[in-house]
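Side chains included, hydrogens not; waters and symmetry mates left out as well; all remaining heavy atoms used. Because the structure is a prediction, the values reported are computed rather than measured. Below, chains carry the letters A, B, ... as their sequence lines are ordered, and counting in each starts from 1.
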2 protein chains.
Amino acid sequence: MSDSQGSRREARPDGGRAPARPRVTIADVAALAGVSVGTASKALNNRGKLREETRSRVADAARQLGFRPNEMARSLLSGRSFTVGLVTTDHVGRFSLPVLLGAEDALGAGEISVFLCDTRGDAIRERHHLQALASRRVDGIIVAGRRTDPRPPLRQFLDVPVVYAMAPSQSAQDLSVAPDEEQGACEAVRHLIAAGRSRIAHITGPARHHSSQVRAAAFRRTLAEAGLAPAAGKVLYGEWNEPWGRQAVQHVLHADPRCDAVFCGSDQIARGAADSLREVGRTVPGDIALAGFDNWDVMATACRPPLTTVDMALGELGRAAAVRLLEAIDGRARSGVEYLPCRLVIRDST
Amino acid sequence: MSDSQGSRREARPDGGRAPARPRVTIADVAALAGVSVGTASKALNNRGKLREETRSRVADAARQLGFRPNEMARSLLSGRSFTVGLVTTDHVGRFSLPVLLGAEDALGAGEISVFLCDTRGDAIRERHHLQALASRRVDGIIVAGRRTDPRPPLRQFLDVPVVYAMAPSQSAQDLSVAPDEEQGACEAVRHLIAAGRSRIAHITGPARHHSSQVRAAAFRRTLAEAGLAPAAGKVLYGEWNEPWGRQAVQHVLHADPRCDAVFCGSDQIARGAADSLREVGRTVPGDIALAGFDNWDVMATACRPPLTTVDMALGELGRAAAVRLLEAIDGRARSGVEYLPCRLVIRDST
DNA sequence: ACATTTGAGGAAACCCTTTTCCTTGATTGC
DNA sequence: GCAATCAAGGAAAAGGGTTTCCTCAAATGT
């Protein structure tokens, strides 16, 4: 049948039992207070001209009945639902979760409820969720990605504001907020240099990842600004995991035995490197200083020694996305990518 | 003022600009198709008696206009919102996230949208969220906890069904779904015994945690059934982290040098144990077999060797919670705690 | 003493969709 | 030929709030 409709409700002319839970409505409150519904509404919302005694009588009645206005009825009238959709493409949630929670926090404070939509990177599911959000008349959408690679913009079924968090939109028309990985990487490398290290290597993730490229570029640029060259002569691209960290750090030691610091593209890589270094008898930070990226606490603090690393402040990112979305909903829309600063967290590995 | 009301809408008689995005309503569809709104509704929902040509004409108009029925208006009428609240007390989300995503998946398939509510373990915030959910007229609530310790039941502001996931409710009236940690631990220990190990130690988390107690009890019982006694003479309670795993395993080796297996209460503990064993020259699983709990992939697969561990199937747990909630919404409520089986994942450490 | 303002609150429209009931014209039954 | 059925679709109510407009009485102005 038509695509633009749902046929979910099965009429249940008999099937489902009567809900049997008659919610209390403003009519009940009005009746108890002995006023009309219009008056009750005004009393509860501090509108109109009412005697103070009437207001309190209505308030008492509302409290007594445990009345909560039906948000859907209000929305129907006001044209705003005071809800937003939180769409994540990240099934595992390691990066998008903090963003989502930050956004939820900021929005909840503004009395806005959030719909959680997990697309699992599946376009069909994404479309499905967007249609549902359209039906629910959300006021806006935040799209949180797993990585920082730019993503195709939402093919919109609705004309509500969208803010992209973490993974910016490929379209410059859209508004995106993303971590300033360049600044973060830069700060980490400067920190290593300031600690007196001069032969610094960089081990990072797959070369096809935006994050790898940005961090590596910042690494190279910062070294060059200090008149230094990368240890081992090049950036080592591989995987984001520990085995790669272990493997790559051995390669670095072999290629440049006097290497005195390693900047890793992730905490997992750094942890692998730390383990490997310890096993070949190199001390951290004595012989070799080590810095990671992500401040993933289970990695960074379980690392021996605890890891100096770059924190992308993902919760802040989510909050910022929420603030931007609220502005856009309010008509004050921006566009382009807004980069939020990363924070260097210094621990014992440097 | 009254607690049972909100005064959010600030009247915006002038402040906010006109929304200027006139959503298409069924009246627009009806007008375009040249029928009344009632007929349009029937056409779109396959109700009533209409000519096939009329139906398709309406469907065309709907498609052309990109019409999506306003879910809030439907809900207002049907008395069901087709939404549920997902309340998590778990800020970091390591355990509750998979549960939430599983629930979201199961509910989304049923055309139900979910409100995400993060209480961060704060009672005020919880209350706040519950009130919001009441206003939104959710059809039900799933409460996901971080740990498996029983939790106080929701002091309800609404009379909708609630299902507790992970952390069961302390009230037997309520319905809870939780992982069968006992069975999981049991299976892990049996697996170790079947592999020919006879001097098995158990290192786990804080004694005050329900999980520690249940797993330790299962450990003891299973050993006893096989006529064995715990290596090191007792269960070692500590923390859930790696340092404790490293420390405790040394204690075990000292107390019982012929220990040939360690069952750990978490993958983090197991990983710490693995590192520590390797450092003192004991091979895994050659000298000592090692099993963990959680199947936290970043721990279990990064462990050297990859860890045999118990998977609590949290996604399934979330899905089950969703199914139970849908049943309860439909009037088929259950009560008590339903335990879902854990799965032993066998890798190289045993 | 009369017109006008003000205070307090009621009646009804409105938001969007579904559903019930009703109307109209055509067909069938006898 | 007339009552009864049926197909097709329209009109209106309902759902729960908010807001606009209106009414009524009391107070004020002159």
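The nearest heavy atom of DNA chain D to A:Ala27 and to B:Ser36 marks one nucleotide each, and the one closer to the 5' end goes with B:Ser36. Between A:Ile26 and B:Arg57, the residue whose closest nucleotide on DNA chain D is further toward the 5' end is B:Arg57. Residues A:Gly38 and B:Thr39 each lie close to DNA chain C; by heavy-atom proximity, the contact nearer the 5' end of the strand is made by A:Gly38.
At a cut-off of 3.5 angstrom, counting only N and O atoms as typed in the model, there is no donor on one side facing an acceptor on the other between the side-chain of A:Lys42 and the base of D:dG17.
Nucleotide D:dG17 holds its C1' atom 11 Å from the CG atom of A:Leu44, rounded to whole Å. Protein atom CE of A:Met72 is 14 Å distant from nucleotide atom P of C:dT18, rounded to whole Å. Counting to the nearest Å, the P atom of D:dT19 and the CG atom of A:Leu50 are 14 Å from each other. Straight-line distance from the CG atom of A:Leu76 to the C1' atom of C:dT17: 9 Å, rounded to whole Å. Summarising the geometry, the separation between NZ on A:Lys49 and C1' on C:dT5 is reported as 11 Å, rounded to the nearest angstrom. Taking atom CZ of B:Arg74 as the reference point, atom C1' of C:dT19 lies 13 Å away to the nearest angstrom. Taking atom CZ of residue A:Arg136 and atom P of nucleotide C:dC16, one finds them 17 Å apart after rounding to whole Å. Atom P of nucleotide D:dG17 and atom CZ of A:Arg80 are separated by 20 Å, given to the nearest angstrom.
Backbone-only engagement by B:Arg137 is indicated by non-hydrogen atom pairs under 4.0 Å involving sugar-phosphate atoms exclusively. Across all strands shown, B:Ser41 has heavy atoms under 4.0 Å from base atoms, whether or not it also approaches the sugar-phosphate.
Side-chain contact, B:Ser36 with B:Thr39: a donor N or O sits under 3.5 Å from an acceptor N or O.
Comparing D:dT18, D:dG9, C:dT19 by their nearest atom to the side chain of B:Arg47 picks out C:dT19. When each of C:dT17, C:dG9, C:dC14 is scored by its nearest atom to the side-chain atoms of A:Arg51, the top-ranked nucleotide is C:dG9.
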Would you sort out whether A:Val58 and A:Lys42 count as a side-chain contact (heavy atoms from CB on, under 4.5 Å), showing the intermediate values? CA-CA 10 Å; A:Val58 173; A:Lys42 287 173 213 161; over 6 Å; no

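Close to C:dT18, at under 4.0 Å from its OP1 or OP2, lies a side-chain N or O of B:Asn45. In this structure, B:Thr25 does not reach the C:dC15 phosphate: none of its side-chain N or O atoms is under 4.0 Å from OP1 or OP2.
Checked for salt-bridge contact, B:Asp105 and A:Arg120 meet the test: a charged N lies under 4.0 Å from a carboxylate O.
A:Arg137 places none of its side-chain heavy atoms less than 4.5 Å from the side chain of A:Met72.
Between the side chain of B:Arg151 and the main chain of B:Gln170, no donor-acceptor pair closer than 3.5 Å is present.
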